[in-house]
Each structure stands twice: as structure tokens, then as C-alpha cells.
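Computed from a prediction, not measured in an experiment: that's the story for all the values here.
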Amino acid sequence: MSGSGSAAPCRFAHYFVICGIDNETGLEPDALAALYQWLEADRQGRDPEAVAAGENFDQSPLKRTFKSKVLAHYPENIECNPFDQDAVNMLCMPKGLSFRTQRDSRTPQFHSFLITREDGSRTYGFVHTFYEEVTSPQICSAMQTLHQMHQAEHNASAHNCPSMDSLASSLDEVESPSSTSSLQGGRRSCGCSGEGYDSVRDTLYVSKAMCLITPMPFMHACKRFLSQVHRAVISHQPPPLPLESYIYNILYEVPLPPPGRSLKFHGVYEPILCQRPGVGELPLADFPLSEAFQLLGVENLVQIFTCVLLEMQILLYSQDYQRLMVVAEGITTLLFPFQWQHVYVPILPASLLHFLDAPVPYLMGLQSKEGTDRSKLELPQEANLCFVDIDSHCIELPEDFPQFPNKTEFIQELSEVLLSFGLSPEGGNASPEPAVSSQTSMLEKELKSTSLSELVDDRKNGNLGGEALDVLELLQGNPTLERLQALAKRTGVKVARLEALAVGQKAVGEEGVGGRSPAEEEELKNAKLNVQLREVFAARFATMFADYESFVIQNSPDLESWLTNREQMHNFDKASFLSDQPEPYLPFLSHFIETQMFATFIDNKIMSQWEEKELLLRVFDGRIEKARLYNVRAPSLRSSVYQKCTFLKESDSSLKLSQHEPLSLELCFSSPAQAIEQRLRKIDHTAIHPHLLDMKIGQGKYQHSFFPKLQADVLVEGCLLLQNSMAFWDWDKAPPPPIKPPKKSFSACCLKYMQEARNLGKNLRQPKLSDLSPAVIAQTNWKFVEGLLKECKMKTKRMLVEKMGREAVELGHGEVNITGLEENTLIASLCDLLERIWSHGLQVKQGKSALWSHLVHYQTREEKNEQLLESPVSNGQEKRKPESSVGLPALRVSVIQDMRHIQSMGEIKTDVGRARAWIRLSLEKKLLSQHLKQLLSNQALTKKLYKRYAFLRCEEEKEQFLFHLLSLNAVDYFCFTSVFTTIMIPYRAVIIPIKKLSNAMTTSNPWLCVSGELGDSGILQITKNVLEMTFDCQNLGKLTTVQLGHDNSGLLAKWLVDCVMVRNEITCHTYKFPCGRWLGKGVDDGSLERVLIGEFVVPCNDDDGGRGSKTPPLQRSPSQIRRISITSLTGRGNKPTTVQIQESIGEAVNSIIKHFHKPEKERGSLTVLLCGEGGLVWALEQFFHHGFRSARIFQKNVFVWDFYERTVEFMENADQIGDLQETPEPLGLNCESFCRYVNAINNMPRNIGKDGKFQLLVCLGARDRLLPQWLPLLAECPVITRMYEENALLRDKLTVSSLIAVLETLHDFPITLESSLTKSVEL
């Protein structure tokens, strides 16, 4: 019969469970261990059925795993929390049954676990494991037989001890049962020491577990209760009441304390206290953070915490189950206000290791075997893994993950909190948790003390043993002891020390403060430390996300429409949020706001418009509101200066205050630590005492050191429960609250939508532990495959949409919504996804990166094939990449070629780094999908490396995955070039002359200098009459300019160049630098060198991807259509109008202003905006050419520079005559600066021609903020009348004034010029 479902949510404990050996079924091999052997055989390519059929006699039977069973659980079932027998059994005894003899250590152990249900809610289990003597002769006989078979097997193959270097072998055995005999005489490996099992000589013991299952993690209370029950079992004296009374009491009569209240209930020997945080406080967390910090140290814990926030894979590793649980729960507790959204299994039984194959973020704990070498622990995927070896106090972190903001100051603050509690911030190899005491002498004292005084107070229970009654009579009859007892009651000292007082020993020193025992003092200290550490973490998030609400996008009229369109909608303005953050925070925040836990947090915020706020969100929003009361939004909030936690300051002040104030001080004005202390000092409610139940005579019989068979009928019936149900609500004198029905406005469909929205992005919910047949495992892996495909689709779509958004802006549409930082985050996320896909179902791996391991296997095979064919190119595996441009030889496209480029990069030291570099290079070359398709085309290799259920062996999903990656070819990425900035790169340059109009060759000595965003190549001499050259130099980044020139020597010195092509030989990026001008004396403008502006050449791929869509080109050199001379310009009919000229100047200036408003790392090349097509120089040149007098009058080519030179000549002559002395001083200074700049340009040794000089003057004038000052001089100089028509824009005062105003807007920005432009100018 099940317990009352309606009252169950209000109960402290839901179930009491006993697990152990079933004497009726006897010794059964552990089914899960057998399943694991089946999976391992499958992984290694052996026949799984043959393995499953055979018995394993290699191991000593004392080391083997046997099946445990749930022997009893009470009540039978609860509606709100159905009993999952398989999961509870597995987590109570993760290693199965463990056998010992009288020689072995049999110290009881405590550990906890949790079960996460499909809806995300959690149930906690607390387990006390102890050893009980085996009384069944059948089991002793079976163990004897197994031992004899083992010895026979050992003698037959004495030297056949296979090396065990895999994860399986390090974990499929349980700990050695004998700590003393494990390393004797070199016999440990086979377990055949002379101290085996002999049924005549030895006493056999087997493990048994008691477990409490609770809805909330009251760890300390449960631990003390179970410990007292065990002490009652092994005590020589029977407990005051049958054990059923205590178990019934905790299951049905001890309520769950409401928020902000404390509770006292009674164990077997002493009372137990617990408290629950108030509504505005941080949620309950009873696992001691002090232990987690001491095990790992502050710095390590902060690093693990960062990995958890970024949703990496975290694997905890320890011999001790409780340590795994303490660290896992400690870290997830610190995430407030966020919650871990992925697979969470703090204790992973060894038989479930295939869960580590999950290609999703997880937080799991794995028990290590004593003496296991970490280097031999081969894990399925390590590229994105944070491995935490708790016992060794060390961690292995993923590569290249961003640091937590203000990490140093944050660690310092946490260290100060720990030091204030007397703990070392460095932590250390803390000794394992002391085992539960089993000393009976201590029990005798406890028995004669607290329990009796509590029972005297109770006046209900008369179920006392003979010796206990004698003690009670002594207490009641002795007047001195009675006075002492009364005094103890008034002062709060416990009766536990009365005997000590009677013999004159001082007990106060042994007692804790305020009548609390040392254990209670320790719990209080832990609770206060917990809350102070958590407040420091919470304060960091409150600072970082103080204004998060301003960026939440809420544009749905109702919940149903929001849920329907959830996947297509942007809920958070990420770009604006990041632009509002301090620069040092950006690397971390840009990754964090892409996580599922942040997305769920924002979803909860939006849904709070229509439903009750989620608890963590409500507390966090309250914190932010409180912070705003003290600190109004100000620019200082954007500062990266570290702000300490204010709650700790409040704690100090409230502590001082409380020393003078009475206990009635309102809790709302005290700090969280103070509130905890006050709740424990003033207990709100005491639960009903344990009492005699209506048991049948002769049942509940006490037998020393054996857990009794409990009387089931009194523990599962609900009649007494109803009678005592008001015990839950004594403190409020109010009826229990009804279970809230869903709001009426919500239809069932809407509730379903809400559940789906809450689980959005969770590709796999919590794995179910109860059913682990191969079929279920296959189905689980199928869910993984579907989840990976969906994630790939979402990631590629996001990358495309964000990148297209940027390109739309370049085309003049919309607003920019992606930064280089965000792009880098998205690409890093893609690298992580590919690693997880390549890790799924993996069975052969070298190194930490599954993808690189596959590539290396492929490379080895292909190179062998090449040697067999004696050909440098393998058949069909490589092909030439056609070039759209003339003059550059075709490049070979090859997976192997790109691998060799990466392998030659000395800067990359690890396999994970090489894999990421290869992905970035392939993405930049638009070959990622093609390369991976080529890699997977070798099906024999894929079958060798991967299990049948692996993602890469699911043909249809694999094809869809490659198709999604192919869509990324539609946009241009520079993710390799922009990240690996210090590597040496080979470049190839080709000069293409216009052969029809000039000589293809020249007798002069040409030279070249290539510049990019990261530097320049220096001057490179080109061999005479050779138009192509290759050179190596450090990564130049995106190429911006080429300086091309020659020395004008020989007879054929004049050279008409069409363009220069330059290609990066690693990334295949090709740049075209149009020229269309002469280089030579006496032709064109007489230039011997030109600065050419580059344009990115979009490659033409053979494959389908990218056809018909491309990134807009960068600005380039003004094309040859612009003009060769004024004659050709004035002879054409397509002159720009005055409006077009003015618009082009405005657009050029706007582009420069926008450039400076971008983050510094996003800006690109300013040279392009100044000198490229549509740039400032080009626009001003149109302005100065408007109305310029025709060349027919002068009978020769005339350039704007000629006008400048005549203006300077006029000014200098006027100055000599004295005309300029009468002009106002500023005008005179402007004349002086203009003449100085023009003369400096004319006098420099470079031959850049008249158009080149004009370009240089405009650039220098823009840099030094002189252009607006020079314009009036040129407009008012008398030379203008001879060289410009009446209608010229330069002679229109209004137009000149407006141009001056436009150019003055550039004065706010620091314009810097490339050295290729300003070289040799002496100002």
C-alpha cells in the first residue's frame, strides 16, 4: 500500500531502503558488470555472446562483483516520486556486493547520490554502507567453491596476467578487499595470496546499505540519522525503541521545514537539527564547500567552475563516492542564478562507462581504483574535457578556454573568506572522510545520556531495556544529579556530560558554544562558510549581469505565440550586451551567453511575464534590485574594476550588531550567515518523538550486529500517518497548502509547449539508469545522433545568419550584429561540435583529439598508397583548384596537403590544437565539407575506428551533416589568418602587364613590397624579365596594398601594368591589385612606383557550394576607367554630376567615421577607406577635376598636382613681395603649412608620379587635420581663374564651405597611415 501522495511533498524523507544480499537467490554475477563486458567485447571486435557465456575465474571471488538487491523499501510507492528500484540499487551499491573476511578492514562508509528525473527535478539519496556477517551456509559454501575454481585457474595459467591499459581494466574491478595483503610477495595482480577464503578458518562478511531518499539535500541530518541507526544495530544494548519506531518517525512524522524555518527531530540517541533558507536567500546547499575547496584548492576550483559555466565536459575522478558528490554538488551550487542543463551523474557506476561516450556536455563522477595510473585511463573524448583528479589535487583543462573575469581578484576574495575560517586557500590532499565510528564504549555512554533524558521529557515511551531502566531510576532517585539536571536544562548544557560532571571533570570545554555539541558546531561553521563562499560567487554574477533585463527582447503578445515561435526568435540582444561590457570580460562573456544555461535563464525571464517566477530568478532579480537601491546605474558599472561582495560586509556589521541586540532582531536585516545561526539557535519546530508502534509480539527482535528484518505492515500503512498529519503544520497553525492547479488560461497544449521550451536545446535528457539492455543503449545513442545533427544544423544556421548580417551592412542594409569576438566564439563552438561528433562511438584513438586521430590514420593509409603507386599524387584524392584569375598556377586541393601545413607549424604543440587549426584552415578555404567527405569516403577505416552506432556510420545523418557544413561556403571566413598571426607563410606574386599597348618585358629592375593588416614584406627585388616570384614572410593578415616600382634603367624602361596578383599559398586566398597605369619617365604622370589597393578574389569552386553567392569585395585601387590623363577624362561623356561628387565625398567620410566606431580589432584597413575605390582620395579627386580646364588649351596632359604646384609658386612669390604679410595670421600659417607639405612631397626621393603625390597630400592632410584649412587657400588663389571654369565646384563658395564642414568631422579621430604611403617624406 502506498503512502499518502498528497502529504508526501511535505515530508522530510520519502523512502527508507535496505540493499544487500538476497539469501534466497544467493550469489549472482552482477548483470551490469556482465553488460559492460559485453560492450567491451563489442568495442574490441570480439564476439560479445562468447564473452557473456563464459565465467570469469581470473579474479579472486573476494574481488568479484555480485548482484545486490533492494531487500526492502518503505513506503511501497509515492505518487509524486515513484520508486525506481534499479536506479536506487545501483547508486546505493555502485560496485555491487563486496565481500570481506575477518582480516580485512570493515569500516562503515557514507556516501550520497542523486537521481535526476526527466522533468529536471532531483531526488537525493544518503547511504550508510556497513558489513554484516554471512550466516547462510549455502553462500559460504558457494564462495569456497568459487575460490577453489579461481585457484585452479590461476595454477593453470600462472603467468598469463594480461596487461590492462584501458579504461575498462582500470575500473571493472572493485577495490582490493584487503589493504594489508594487496602488495605481498608480488602476488597482488592475480589475487592469489595465501589469504584467500576458507570457510572453516574464515568468517565471511558482506556489505549492506541503509539509504534515506529525500526531496531536499539535508546531507548532515541524514548522515547523523543513519549513523545512529547503525550504532543501535551494532551496540551490545538494544535501542530504547524498536528500529521501526525511528524509521516510521522520520518517514511519516518529521515534516519538511518551510523556507526560513528550522526543525529538530530525534534520532536513536540524540536530537538532530536542520534548517532551510528563507525566500530571499540562496537555495539550500548542505554539502560542505569547505571540503571541495580543501580537496582542490581555490584556483583549481575556479577553473573547473569556468569550464562548467562554458558547458564543457567535466569528469570528476576519485576513489571516494562522497568526494565525487561533494565536488559535483558544490560546483553546481555555485552556478546560482544559472542551472546546469545537461547530463549530470555525480556517481557513474563502473558498469555504465559507455555514458562517457555521450557527445554532449556532461558533469560526471567516476570512481577510481586504488593505484590506477591516470595515463592508462583512456577516455572516449578529451578535446573538450576538464579532467579532475580529486585525490591527487590536480586538474587537466581543455585548451584555449577563456578565463573567468577578474580571476585573480576573485581568487583573492575567496581566499580571504577561507582564511577567516582557518582554512588554507591552496587546499591539499585532505585525508579521507573519517569512517563512521563503531566503538561500543562510546555507544554505552550515549545510551545512558541524551536518549534517556529526551525520553524522560517525552513522557510517552515506556519501551526501555533492563539496564536502561536502572540508569533512569538512578537519575530520578539521586537529588544531586536531579539538581544538576535542572541546572543543565536552564543553561543549555546537555545531560550527555552528567557522568563527567559527577566525577568532577570539566565538561563545558568539551561542549560547543550555546549548548551545541562539537559536531553541531562544525555543521554551523560549514553552513556559514558555505553561504559566504556562495555569496562571493553570486555577487560576481550580480555585477556582470546587473543590466541584463535591458537586453532581453520581449516581443510576443502572449505565452502561446512565444512558445510556438521560440526557435526562430532572438530573445537576447547579444551584440548590444557585449558592446556594453568592459573589454577584459568579452572573451568569457561572448562564450557564456551562447550556452544552454544562459538561454534557459533568459527563457525563464521571458516566461515570468505569464507565470510565477522561477525561484533562482526571483532571488537573483531581488539581489539586483537591492544593488540598484545603493548604486544607481552609472558609468562606473561598466568598469572592469573588481567589486567585492557587499553581503560579506553586511555580515560583519550584522555580527557586531547582534552582539548587543536581543534575539528578536528581524532576520530580514541580518546577513545570510547570521540568519542561519539564529535559526539554529532558536528552533522553530520540534517534530513528534519516536514512539512505540502497534507491532506484533515477537517481531522487531534485537540481534547484536545484525540489521533486523523490519515489520513491514507498520511501515507501509497510512493510518497513523493521517492521525499525525497535523505534525507538518504545527508552527503555522494553518492547514497544509493545496497543490496548485495550473492556471486556468493555460490549455494542456500550452503546458506541453512550456515543458518543451524549458527543455529546448537539451538534445538528450538525463540518462535513465534503470533499463540498460543493449537495445536501450542503442536507442540512447540514436538520440545522441539526432541531437548532434540538430545541433549542427542550428550552429551552421547561426553562423550563416550572423555572417550574412555583417555582409548586408557592407552592402548598405541593416545594422551590424556580429563582432570578430562573436565570430571566433561561434567557430570555437563548431570545433567543439566536430570533436564531439568524431568522439561518438569511437573505439580506436591516438592522443586527445578524436578528429586529429582519424586524420592521422587517414594520412598514414594514403601515404602508404602513394608509395605503392610510386606517384606523388594519389588517384582521385587530390585535384587542382582552378583559379578565376589569369597568371597564377593552379593549386592542389588535398586533405593531406592541409594536414602537412598544420604539422609544419611549430607554434601548435597538441593534437587538439592541430585539429582546431585544420578546421579553421579548411573553413577559410571553403573546403571543410569537401575535406570531411573525403576523409569519410574511406569506409574501411571508418569501420575500423568506430562502433556500429557511431554518428559517422549513420549514412543518412552523415550526408545531412556534410550538407549543413557545405552551406558555410556561402560566406568568407578569415578564421585561420586572423588567429595564427605569427606563423611563416609562403606567398606567390605575379605581375600582369597589358601586352597590347606595351612591352610584356622591361629592361629595368622591378621591385615589389606587399603590405597587410599585420605588417609588410619589405622591398623584394624581382628578377629582370621574370613576372612571377614566391617569398616567405610572417603572416601579413588580409592584404591591403602593394608597392610596385622599377629603377627606370635600360632602353625599354616604360611599363604598362594591368594588375598584380598575390596569393597566400596556405589559405589559397588571392588578392588582385589593379593598376592600369604606366610606370616610366615621360609617360602618364611620370611615376616610377605606384601604391596599389587590393581586392579579394572570390574563388570559383567546382562543387555546388557557394555558387551564386559571395561576400562583397573589399575596396580596391581606382580602376583604369578612372582615367589615364585629364585628356581622356574630359574626352568622355560620362562626367559625374555635382550632386554625385558631393554624395561620394559624404559617403567616403562616413565610411571613415564608421571605421573608428567599430571595436579596434574589427576595423580592418584604413588605407582602403582613404585610397581605395570610393575612398576619400578618389572622391576629392573628382571634386578637384570638376570644371578643370580642358587639355586642348594647354596641348599637354595637366594634373591637379600642377594646380597645387602653381598655387605654391604664387604663394611663395607673393610672400617675397610682401602681399601675404597683410593677411590674417591663421591664413598665413595655412599658406606656410601647405607650401611646406607640397615641397616636402616634391623633394622626396620616390618617383610616385603626380597622381601619387596628390594621393599622398590628401592622406597627410587628413592625418594632420589640415585639409579644411587648405581648401580656402586653393579656392581664393588667383591661379584658379586660369585653370578652372566659372562653374567649377572649387569656385563655388557655398560648396567649399559645406565641404570644409564635412572634412572637419574627421578631426575627432586619430588617422594613422601605412608606412607604404608615407615612406621617405620629410616634414
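Using a 4.5 Å cut-off on side-chain heavy atoms (C-beta onward), L1289 and L1299 make no contact. Taking the side chain as every heavy atom from C-beta outward, W1007 and Q1043 approach each other to under 4.5 Å. Contact of the L1092 side chain with the V1057 side chain is not registered, since no non-hydrogen atoms from C-beta on lie closer than 4.5 Å. Between L1267 and L1180 there is a side-chain heavy-atom pair separated by less than 4.5 Å. Between L1260 and L1313 there is a side-chain heavy-atom pair separated by less than 4.5 Å. Under the 4.5 Å side-chain criterion, counting only non-hydrogen atoms from C-beta, N1064 is not in contact with Y1071. Residues L968 and L923 form a side-chain contact, since some pair of their non-hydrogen atoms from C-beta on lies under 4.5 Å apart. Side-chain contact between N1242 and V1208 is absent, with no heavy-atom pair separated by less than 4.5 Å.
Of the N and O atoms on the side chains of W1178 and Q1182, not one donor lies less than 3.5 Å from an acceptor on the other residue. Judged purely by distance below 3.5 Å, without hydrogens or angles, the side chains of S1233 and Q1269 never pair a donor atom with an acceptor atom.
Panel note: side chain R920, backbone C975; a donor-acceptor pair is recorded below 3.5 Å. Listed for the D1047 side chain is a donor-acceptor partner under 3.5 Å among the backbone atoms of N1005. In this structure, T1040 contributes its side chain and S1011 its backbone to a donor-acceptor pair below 3.5 Å. In this structure, the side chain of N1035 does not engage the main chain of I985 through any donor-acceptor pair within 3.5 Å. Counting only distance, with no hydrogens or angles, the side chain of H1069 and the backbone of K1038 share no donor-acceptor pair below 3.5 Å.
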Going through the checks in order, is the side-chain contact (heavy atoms from CB on, under 4.5 Å) test met by L1044 and R1090? CA-CA 5 Å; L1044 176 67; R1090 296 196 183 279; 5.6 Å; no
When you look at T1067 and F974, which way does the side-chain contact (heavy atoms from CB on, under 4.5 Å) test go after all the steps? CA-CA 9 Å; T1067 65; F974 291 86; over 6 Å; no
Under the side-chain contact (heavy atoms from CB on, under 4.5 Å) rule, what do L1306 and L1176 come out as? Steps first, then yes or no, please. CA-CA 11 Å; L1306 295 177; L1176 185 65; 4.2 Å; yes
Apply the test side-chain contact (heavy atoms from CB on, under 4.5 Å) to residues E1314 and V1091: give CA-CA distance (whole Å), side-chain angles for both, the deciding distance (0.1 Å), then the verdict. CA-CA 11 Å; E1314 276 188 31; V1091 177; over 6 Å; no
Pair F1309-H1155, ring pair (Phe, Tyr, Trp, His ring centres under 6.0 Å): steps then yes or no: CA-CA 10 Å; F1309 307 105; H1155 167 90; 9.3 Å; no
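In this structure, Y987 and F1031 have parallel ring planes: the angle between them is below the 30° cut-off, well short of the 60° mark.
Put simply, CG on D1058 and SG on C1075 are 8.0 Å apart, with the number rounded to the nearest 0.5 Å. In this structure, F1199 CZ and F1254 CZ are separated by 12.5 Å, a value rounded to the nearest 0.5 Å. Separating the CG atom in D1016 from the SG atom in C1009 is a distance of 4.5 Å, to the nearest 0.5 Å. Rounded to the nearest 0.5 angstrom, T981 OG1 and L1014 CG are separated by 6.0 Å. A distance of 9.5 Å separates CG of L1008 from CD1 of I1019, quoted to the nearest 0.5 Å. Note that the CD1 atom of I1066 and the CE atom of M905 stand 7.0 Å from one another [nearest 0.5 Å].
Of the options Q930, K926, K925, a side-chain contact (heavy atoms from CB on, under 4.5 Å) to N969 is made by K926 and by none of the others.
In plain terms, the two heavy atoms of E1089 and L1079 that are nearest each other are CA-CD2, 4.0 Å. Residues L1290 and F1183 approach most closely at CD1-CE2, 3.8 Å, considering heavy atoms. Pairing each heavy atom of E1095 with each of P1074, the nearest pair is OE2-CG, 3.8 Å. For the residue pair T1312 and L1166, the shortest heavy atom distance occurs at O-CD2, 3.5 Å. Of all heavy-atom pairs spanning G1076 and I994, the tightest one is CA-CD1, 4.5 Å. Scanning both residues, H901 and E1065, for their nearest heavy atoms gives NE2-O, 4.0 Å.
Less than 6.0 angstrom separates the ring centroid of F980 from the ring centroid of F976.
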